[in-house]
Undergrad: 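This is the structure, below, for whatever I ask next.
First listed ligand is number 1; within each ligand, the first listed atom is number 1. All figures in this text were calculated on a predicted structure; none of them were measured in a lab.
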Amino acid sequence: MKRRQFVGMAIALSAGLPFRGFASVLTPVSDLPAKSLSGADLLLRGSSVEALGSNLAGELLLPGHENYEQARHIWNGMFDKRPALIARCTGASDVIQAVNFAREHQLLTAVRAGGHSFSGKSTCSGGIMIDLEPMTGVRVDPTARRAFLETGSRLHQLDRETQAFGLATTAGTVSDTGAAGLTLGGGLGRLGRRFGLSCDNVVGADVVTAAGTLVHASESENADLLWGLRGGGGNFGVVTSLEYRLHPVDPMVLAGDVVWPVEQARDVLRYLVDFGETMPDELGLEAALVWTPEGKPLVSVEACWSADHAAGEKVLAPLRRLGKPLSDTIAPMSYVAIQSHDDAGLPAGRNYYAKNGFLPRLDEAGIDLILAAFLEAPTKFIAFLAPYGGAYGRVPVEATAFPNRNEKHFVLMISQWTDGEGDRHLADLRGSWKRIDPLTRGFYTNLSDPDTSSATIQQNYGRNFARLSALKAKFDPMNLFRLNANVPPRA
Ligand SMILES: Cc1cc2nc3c(=O)[nH]c(=O)nc-3n(C[C@H](O)[C@H](O)[C@H](O)COP(=O)(O)OP(=O)(O)OC[C@H]3O[C@@H](n4cnc5c(N)ncnc54)[C@H](O)[C@@H]3O)c2cc1C
């Protein structure tokens, strides 16, 4: 931030007015109340804040700045937090400045890329938000089949740029999600059974460590760090760029939804579970239990077949003939289009709470339990059930930090609301999940809820936890990056 911008802010803040632009009078920035890493109150000297602002190429936003309100919000409206500072980074050098400032002041630190954290960890009250949103761009090397992504980029940017060359890698199912957060914590998507997790396809990364040093991670350089970045989330530093391995994927896929009345849900889910055991890797399937606006329950299965269409028609025929569907939209469509097909259902700004788990098996009784939890819930939620396996499970558990490889299905329940009754929605979804939880073995940290304890996270990382904890001690011994699925540094 430029000095004159600070000045305007300081005057506006001291007068209790929102800051709306530059002023011409030079005044120092006032001292700023903030929160330390441990949650204690601290006061940031105005002169240090001013120095940080002068050292950034991007904006440094303080409360009262006209861009502060928009920048502080993340996708999940449940987290209405107010950082003391938002560093809108434009590149690695800004990230280094922000990390150094945070470390030197022992300041509570949140890292935001696409802002789609379910658990609200990419923002904080009273700390610094290191905001990578301005750092967007994807460069593709079609010959080497590589994509180089700046970590403020969204999934639609990754898909669009790679598909221009008939290439793709696994990305999530809602196109506005940040590529960085999704990839570092794993990355499940329509191509996942074919190409593995998004993080399995990461071959290089630039990372600003807690010491404020930019390091590169690849198989030949800091290979231990690359291992940790493949599923260990934001624990080891701020990742400023990611290099992905790409695969040939025809821009036209066979995709769409088949929808049935909920009375047929048992048969549909049983079919999905059985077929999931043997279906080809080129197929991504996901069932959803949803409520129409009129309050009618439905079951749907979304398919995405990413290989030869004639073969796909055959593979999908039994699903499409099942029972009496209300509609069937499966048809050739662009991969980029199916990748934004779910966007409207989960818009930014609403309040969201989710529970998820991987299932080692799912029998008839389990299917009935999921259906009963959905239909009998006191407040409505959406449930997803997807076959897992394929390439996800062909990577040995110890080969990357990501721990959940050997399960057969993935289940996710999402409650969303705009009324002021958050406590009720949370309690009801927790109650419904209690019925499903015994079926699960492990969970996906990228979709974990804010109450997940560190003991539960440690347990979920299983035999990879000790290695992660040692890596944390190497790259972030003070646990500066703790607003995440946190791995404390080994003592
Ligand atoms: C609508 C929606 C749909 C989703 N669909 C899928 C899906 O299909 N598949 C799937 O796998 N997941 C999915 N997710 C979960 C998603 O993977 C996580 O929410 C992920 O954290 C989002 O990344 P982000 O960059 O947008 O999040 P942010 O909120 O910006 O970041 C989340 C966390 O990631 C870490 N982080 C982010 N960027 C960096 C960085 N550059 N360096 C270091 N740490 C960083 C930080 O700890 C941060 O708290 C979905 C989430 C939403 C909200």
Undergrad: Look up atom 53 (C) of ligand 1 and tell me if a protein heavy atom lies less than 4.0 Å from it?
TA: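 Flag for atom 53 (C) of ligand 1 set to true, protein heavy atom closer than 4.0 Å.
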Undergrad: Sequence neighbours left out, what passes salt bridge (Lys or Arg N to Asp or Glu O under 4.0 Å) with D423? Give chain and number order.
TA: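 For D423 there are no salt bridge (Lys or Arg N to Asp or Glu O under 4.0 Å) partners, ignoring immediate neighbours.
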Undergrad: Test ring pair (Phe, Tyr, Trp, His ring centres under 6.0 Å) on Y352 and W75 and set out the steps.
TA: CA-CA 9 Å; Y352 294 93; W75 170 84; 4.0 Å; yes
Undergrad: Report the nearest protein non-hydrogen atom to atom 10 (C) of ligand 1: residue, atom name, distance rounded to 0.1 Å.
TA: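 That would be L182 CD1, 3.3 Å.
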Undergrad: Would you mind listing which atoms of ligand 1 come within a distance below 4.0 Å of any non-hydrogen atom of L184?
TA: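 So the answer, numbered in order with elements, is 39 (C), 40 (C), 42 (N), 43 (C), 44 (N), 45 (C).
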Undergrad: Mind checking what makes side chain to side chain donor-acceptor pair (under 3.5 Å) contact with E398, not counting sequence neighbours?
TA: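 For E398, the residues satisfying side chain to side chain donor-acceptor pair (under 3.5 Å) (neighbours in sequence not counted) are R463.
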Undergrad: Once you restrict to heavy atoms under 4.0 Å, what part of L483 touches ligand 1? Side chain, backbone, both or neither.
TA: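 Backbone only.
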Undergrad: Quickly, which of V208, T209, L468, N222 forms a side chain to side chain contact (heavy atoms under 4.5 Å, CB included) with F236? Name it, please.
TA: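 Only one option passes, and that is L468.
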Undergrad: If you count the atoms of ligand 1 from 1 in the order shown, which ones are under 4.0 Å from a heavy atom of G237?
TA: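 Answer, ordered by atom number: 42 (N), 43 (C).
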Undergrad: Specify the protein heavy atom at minimum distance from atom 33 (C) of ligand 1: its residue, its atom name, and the distance to 0.1 Å.
TA: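 Answer, as residue, atom name and distance: V111 O, 4.5 Å.
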Undergrad: Specify the protein heavy atom at minimum distance from atom 18 (C) of ligand 1: its residue, its atom name, and the distance to 0.1 Å.
TA: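 Result for atom 18 (C) of ligand 1: N446 O, 3.5 Å.
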Undergrad: When you measure from the centre of the six-membered ring of W227, is the NZ or CZ of R467 under 6.0 Å away and within 45° of the axis?
TA: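 The answer is yes; both the distance and angle limits are met.
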Undergrad: Are the aromatic ring centres of W291 and F374 under 6.0 angstrom apart?
TA: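 Ring centroids of W291 and F374 are less than 6.0 Å from each other.
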Undergrad: Using a distance-only test with no angle check, is there a side-chain donor-acceptor pair under 3.5 angstrom linking D419 and H425?
TA: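 Judged by distance alone, the side chains do pair up.
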Undergrad: Can you see which heavy atom on I130 is nearest to which on C89, and at what distance?
TA: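 Reported closest heavy-atom pair: CG2-SG, 3.9 Å.
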Undergrad: Test of understanding: given a 4.0 Å heavy-atom threshold, classify the contact between T151 and ligand 1 as side chain, backbone, both, or neither.
TA: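 Within the 4.0 Å criterion, T151 contacts ligand 1 through side-chain atoms alone.
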Undergrad: Here's a test for you: under side chain to side chain contact (heavy atoms under 4.5 Å, CB included), which of Y444, Y392, Y461 qualifies with F402?
TA: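 Result: among Y444, Y392, Y461, Y444 is the only option passing the side chain to side chain contact (heavy atoms under 4.5 Å, CB included) with F402.
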Undergrad: Using a strict 4.0 Å cut-off to heavy atoms of F118, name the atoms of ligand 1 that fall inside it.
TA: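 Those qualifying, in numeric order: 51 (C), 52 (C), 53 (C).
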Undergrad: Considering only non-hydrogen protein atoms, determine which one is nearest to atom 1 (C) of ligand 1 and report residue, atom name and distance to 0.1 Å.
TA: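 For this ligand atom, the closest protein heavy atom is W75 CZ2, 3.7 Å.
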Undergrad: What heavy-atom pair brings L155 and A171 nearest, and what distance separates the two atoms?
TA: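 Nearest heavy atoms, L155 then A171: CD2-CB, 3.9 Å.
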Undergrad: Identify the closest protein heavy atom to atom 5 (N) of ligand 1: which residue and atom is it, and at what distance?
TA: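 Result for atom 5 (N) of ligand 1: T173 OG1, 3.9 Å.
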Undergrad: Starting from atom 28 (P) of ligand 1, which protein heavy atom do you reach first, and at what distance in Å?
TA: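 Of the protein heavy atoms, G115 N, 3.4 Å lies nearest.
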Undergrad: Under a 4.0 angstrom heavy-atom cut-off, which atoms of ligand 1 come close to G234?
TA: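 So the answer, numbered in order with elements, is 43 (C), 44 (N).
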Undergrad: Which protein non-hydrogen atom lies closest to atom 32 (C) of ligand 1, naming both residue and atom, and how far is it?
TA: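 For atom 32 (C) of ligand 1, the nearest protein heavy atom is S117 CB, 3.8 Å.
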Undergrad: What atoms of ligand 1 come closer than 4.0 angstrom to any heavy atom of N484?
TA: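 Counting from 1, the qualifying ligand atoms are 47 (O).
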Undergrad: Using a heavy-atom cut-off of under 4.0 Å, does the side chain or the backbone of Y444 touch ligand 1, or both, or neither?
TA: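 It is the side chain that gets close, since no backbone atom is under 4.0 Å.
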Undergrad: Which of the numbered atoms in ligand 1 are below 4.0 angstrom from a heavy atom of V238?
TA: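 Taking each heavy atom of V238 in turn, ligand 1 has 42 (N), 43 (C) under 4.0 Å.
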Undergrad: Is the cationic atom of R139 (NZ for Lys, CZ for Arg) positioned less than 6.0 Å from the six-membered ring centroid of F148 and within 45 degrees of its normal?
TA: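 Yes.
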Undergrad: Counting heavy atoms only, which part of L447 comes closer than 4.0 Å to ligand 1: side chain, backbone, both or neither?
TA: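 Near ligand 1, L447 shows its side chain, while the N, CA, C and O stay back.
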Undergrad: Give the atom numbers and elements of ligand 1 that come within less than 4.0 Å of a heavy atom of G172.
TA: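 Near G172, meaning under 4.0 Å from one of its heavy atoms, ligand 1 has 7 (C), 8 (O), 9 (N).
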Undergrad: Need the ligand 1 atom indices (1-based, order shown) with element for anything under 4.0 Å from a heavy-atom of G187.
TA: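 It comes down to these atoms of ligand 1: 11 (O).
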Undergrad: Of the backbone atoms (N, CA, C, O) and the side-chain heavy atoms from C-beta on, which set of V207 has a member under 4.0 Å from an atom of ligand 1: side chain, backbone, both, or neither?
TA: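 For V207, there is no contact with ligand 1 at all, from either part.
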Undergrad: In the protein, which heavy atom is nearest to atom 42 (N) of ligand 1, and how far is it?
TA: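 Checking every protein heavy atom, the shortest distance to atom 42 (N) of ligand 1 gives V239 N, 2.9 Å.
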Undergrad: Measure the spacing between OG of S175 and CG of D159 and express it to the nearest 0.5 Å.
TA: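 Between S175 OG and D159 CG, I get 8.0 Å after rounding to 0.5 Å.
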